[in-house]
2 protein chains.
Amino acid sequence: MQPPAPSPLRGVPSPLRATIADVAREAGVHASTVSRALNPATRGMVTEAVAQRVTEVADRLGWRPSAVAAGLRTRKSRTIGILVPDLINPIFPPILHAVETVLATQGYVTLVANTDNDAARESLLIERMATHLVDGLILASAAAGTDALSLCARFGIPAVLINRRMPEGAGCAAVSAVTNDDIHGIGLAVDHLVALGHRRIAHLAGPQGVSTARDRRTGFLDRMRHHGLEPAEITTAAAYTREAGRAAMAALLQGPAGTGPSGNEPGCTAVAVANDMLCLGVYDAMEAAGRRVAADISVTGFNDMPFVDRIHPALTTIRIQHDAMGRQAACILLAEMAEPGLARQSIRLVPELVVRASTAPPAKAP
Amino acid sequence: MQPPAPSPLRGVPSPLRATIADVAREAGVHASTVSRALNPATRGMVTEAVAQRVTEVADRLGWRPSAVAAGLRTRKSRTIGILVPDLINPIFPPILHAVETVLATQGYVTLVANTDNDAARESLLIERMATHLVDGLILASAAAGTDALSLCARFGIPAVLINRRMPEGAGCAAVSAVTNDDIHGIGLAVDHLVALGHRRIAHLAGPQGVSTARDRRTGFLDRMRHHGLEPAEITTAAAYTREAGRAAMAALLQGPAGTGPSGNEPGCTAVAVANDMLCLGVYDAMEAAGRRVAADISVTGFNDMPFVDRIHPALTTIRIQHDAMGRQAACILLAEMAEPGLARQSIRLVPELVVRASTAPPAKAP
DNA sequence: TTGTACGCGTTATCAG
DNA sequence: CTGATAACGCGTACAA
């Protein structure tokens, strides 16, 4: 065994990393010069010969500037935080990928975190990110009852909303956003169902605290009215989850206060669902109730998330521009970080209808 | 009382964040005392009364310790990096969620990043994370031809592998790992197919650079031999993607050098596929070739990733313990960060068979 | 128990 | 163009 604490401290040998001072000594220049030589922005301030020598010494010693030390001095971390409500929803990874790709080209690292749709957790994450000096934030988790924006303002962190807007009046003009035209999108679904011959169309709405759910609900009502139709029924799911979708659809299948002869006939021949995740639960509920998708009741989704082309029957849905959404948001954030006074912008991406097998003309009434 | 501290107030006033000095001044104590009072570990060193007062002043001023400044001093960032090969594969989000949950309880923030299965990008990410002083790394991206581990060693960053092991001989003993028992898992699939009556069983393998693919291939061969069967065929997909799965299955459907009468009969009645993502492509290829899953050829997957219960026909697959995997890895990492000398451990989780509708007894030969 | 003094690794700001 | 010096905000031996 070892003797009691022989103090093998070796005066902090630091075999781990060389510092800028090491490079300076080795290159026979002052540390400041090293800093200038290696920073692309200030490289022009030193002789080419010196820059060359310093660079050479630096990577001979394997020196990497400490982002932490630099951050302390510059109050910047070259890090961007991304808050997602629920990573398990497959629409987010493609969006993140696009964001990450754009930011990586500018040398930024991304800090991804799940809020689990929990406002408290979201606040905690923002605070932690603030202490880590993130230079900017991309928020995919916007919802009512959140102080994300005020926290950002308080810490002076530029932010861009993505996919969801802020509730009206909650300072939504103060921050840029890249979202879908949800109203138009759900309208495409309604048009499609009407064209197939449906008249009694229900809406399975999402949690009304988030803008996508509200807009799709509004858009549904608008478009139904445009066609001179009354909504057959509107049920609201408690969350954008499969289970919430199942529960809401199960309720809807009971019919509004039992309209059918046996008291459990649904009052609709089609249902426009607020998103694809809910649709999985809708399928579950219909299977449990012995109802066939398309043949008995047509179903439309929203998002065209990965894999819904392979569920059975393949989902007719509204395709959003995952990739463009991520890229645009990243670009706007970069621009606003560079120039904080920039006017805020709100980009609305146009979605499109993808027809698959979950929709069909209504069955003839028996 | 002390004479009013001369606030030089030079340079820029920082309206954004209060510093420890502000708190100290306001509370009438020295900055060090503030530090001690607010750090849970050193709180015992200070009078309860003072601690109380300091705490009160601190959150009146809304002070948050700067993780950056603290990190510079302590060489720790309370940040953990997680490298994922491909976030779009739905098995990772649940794993990440578990990791995140455990780490969050200990006050760690997680830095998630995609490697896109690209060794160069992986190295870059590790270097960047190192400059940000991540305290530990969880690697889900282990593959042959990677220097992730040597980079970690060089920077002195504790790491834990998850889901995939390192190639044998590549210093695999030097790092802990939490993986599935892939050999056993694929064996369950083989057993199931044999029990259904299949004799001509093929294997659609994954990219052989990663351990899951190699182990499942080996496990397949072992188990076939155990049953006294020859593998009907083995095809290897270029990556764990849907498209690679489609291409590989299309090739397999041509049969080995055209064994069938028309030269394109597949030489098998069932195929054990290396993972669920590939299965999506397998379904695509079969559909394109006019072959029915289960009725014509049985298919098994691996991972039981979200949503494969709703594809058609529902996939028979091997369920892995996403959650336990994430939790265990996080715990091991925490332990090794606390005590670097700890013996490395390799945990192998036991998967189970989930029978659904993609497998059936072989069709009678016509 | 609390205050003093210093260092962590960089960069901004002056001189020269 | 380059060197010296002073912060950046915090943690921590050491002294009081």
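So that the names make sense, note that chain A is the first sequence line, chain B the second, and so on, each numbered from 1.
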For nucleotides 6-8 of chain C, tabulate all protein N/O to nucleotide N/O atom pairs closer than 3.5 Å, reporting atom names and distance.
{"residue": "C:dG7", "atom": "N2", "partner": "B:Arg73", "partner atom": "NH1", "Å": "3.1"}
{"residue": "C:dG7", "atom": "N3", "partner": "B:Arg73", "partner atom": "NH1", "Å": "3.2"}

Output a table of nitrogen or oxygen pairs between the protein and nucleotides 14-16 of chain D separated by less than 3.5 Å.
none

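Within the 4.0 angstrom heavy-atom criterion, only backbone atoms of the sugar-phosphate kind lie near B:Ser66; the bases stay farther away. Within the 4.0 angstrom heavy-atom criterion, only backbone atoms of the sugar-phosphate kind lie near A:Val29; the bases stay farther away. Using a 4.0 Å heavy-atom criterion, one finds that B:Ser32 contacts the bases of the nucleic acid, with or without backbone contacts as well.
Listed by residue number, A:Trp63, A:Arg64, A:Pro65 are the residues of residues 46-65 of chain A with a heavy-atom contact under 4.0 Å to DNA chain C.
With rounding to whole Å, B:Arg25 atom CZ is found 13 Å from D:dG9 atom C1'. Between the CZ atom of A:Arg43 and the P atom of D:dC1 there is a distance of 14 Å, given to the nearest Å. Rounded to an integer number of Å, the gap from CD1 of B:Ile20 to P of D:dG9 is 11 Å. B:His30 has its NE2 atom 12 Å from the C1' atom of D:dT12, to the nearest Å. When rounded to the nearest whole Å, the span between CG of A:Leu38 and P of D:dT2 equals 14 Å.
A heavy-atom distance below 4.5 Å is found between the side chains of A:Asp135 and A:Tyr108. Looking at B:Arg64 and A:Arg128, their side chains never come closer than 4.5 Å, going by heavy atoms from C-beta outward. Contact annotation: the side chain of A:Glu26 approaches that of A:Arg60 to within less than 4.5 Å [non-hydrogen atoms, C-beta and beyond]. Between B:Pro65 and A:Thr131, the closest side-chain pair of non-hydrogen atoms is not below 4.5 Å. Side-chain contact check for A:Leu334 versus A:Val102: some heavy-atom pair is nearer than 4.5 Å. Residues A:Thr55 and A:Arg43 meet the side-chain proximity criterion, which asks for heavy atoms closer than 4.5 Å.
Taking both residues in full, the closest heavy atoms of A:Val84 and A:Ala140 are given as CA-CB, 4.3 Å, listed atom of the first, atom of the second, then distance. Scanning both residues, B:Trp63 and B:Ala18, for their nearest heavy atoms gives CD1-O, 2.8 Å. Between B:Ser141 and B:Glu122, the shortest heavy-atom contact is OG-OE2, 2.6 Å.
Within the structure, every side-chain polar atom (N or O) of B:Thr33 is placed at least 4.0 Å from both OP1 and OP2 of C:dT2.
Taking CG of B:Leu139 as the reference point, atom CG of B:Asn163 lies at 12.0 Å (rounded to 0.5 Å). Separation of atoms CG (B:Leu151) and OG (B:Ser123) is listed at 5.0 Å; rounding is to 0.5 Å.
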